[in-house]
Amino acid sequence: QVQLEESGGRLVQAGGSLRLSCAASGRAFSNSAMGWFRQAPGKEREFVAAINWDGSSTYNADSVKARFSISRDNAKNTVYLQLNSLKPEDTAVYLCAATRSYGTPRIAAEYYYWGQGTQVTVSS
């Protein structure tokens with residue numbers, strides 16, 4: 001079992017940066033692939049980035065590839081999402097997810113555990 005809690009979301013101007021954190025509890029964290037997804041009002045949940053269990057492999061969605069980066073610190077049971085060059089269209093609730101996988105899953109249905117999300121709002 002893994003419990004997840006996101007933080008770091010806030011209102012930011014276009015072009016700005018944020019770092020989101022996802023703190024995990026439970027011994028399974030270090031064996032889990034982690035992902036970030038986002039969901040804007042009226043839109044489907046969208047994959048953002050994923051990282052494998054030891055941080056040696058990451059995958060970003062094309063829409064954010066040059067601007068966002070995912071990382072993890074297994075000693076702190078935390079995964080991060082660095083968001084740079086933010087645009088108004090990045091406005092969404094950002095959710096952290098975990099699953100028992102040695103890869104970098106990109107589909108929401110592959111993730112078993114989810115946090116409640118943190119709101120990121122980008123003003124123009």
**Asked** Does a side-chain N-to-carboxylate-O contact under 4.0 Å join D90 and R38?
**Response** yes
**Request:** Please lay out, stage by stage, how E46 and S63 fare under the test side chain to side chain contact (heavy atoms under 4.5 Å, CB included).
**Result:** CA-CA 10 Å; E46 176 189 13; S63 59; 3.4 Å; yes
**Fill in**
Closest non-hydrogen contact found for P105 with A50 is O-CB, 3.4 Å
**Prompt:** Would you say the side-chain atoms of R67 pair up with the backbone N or O of S85, donor to acceptor, closer than 3.5 Å?
**Reply:** yes
**Prompt:** Where the side chain of T99 meets the backbone of S101, is there a donor-acceptor pair that is under 3.5 Å apart?
**Reply:** no
**Prompt:** In the hydrophobic clustering that connects Ile, Leu, Val, Met, Phe, Trp and Tyr at side-chain heavy-atom distances below 4.5 Å, which members other than Y102 occupy its cluster, ordered by chain and number?
**Reply:** W53
**Message:** If I compare all heavy atoms of R72 with all of A33, which pair ends up nearest, and what's the gap?
**Reply:** NH1-CA, 4.2 Å
**Request:** State, to 0.1 Å, how close S32 and R100 come at their nearest heavy-atom pair, and which atoms those are.
**Result:** OG-CD, 4.2 Å
**Item:** Heavy-atom pair of closest approach, residues L11 and S123
**Value:** CD1-CB, 4.2 Å
**Prompt:** With ILVMFWY side chains joined below 4.5 Å, transitively, what does V79's cluster contain besides itself?
**Reply:** V2, L4, V12, L18, L20, F29, M34, W36, V48, I51, V64, F68, I70, L81, L83, L86, Y94, Y112, Y113, V120, V122
**Request:** Could you give me the CA-CA distance, side-chain angles and deciding distance for N52 and T104, then say whether side-chain hydrogen bond (donor to acceptor under 3.5 Å, both in side chains) is met?
**Result:** CA-CA 5 Å; N52 72 335; T104 51; over 6 Å; no
**Asked** At their closest point, which heavy atom of A14 faces which heavy atom of S124, and how far apart are they?
**Response** CB-CA, 4.3 Å
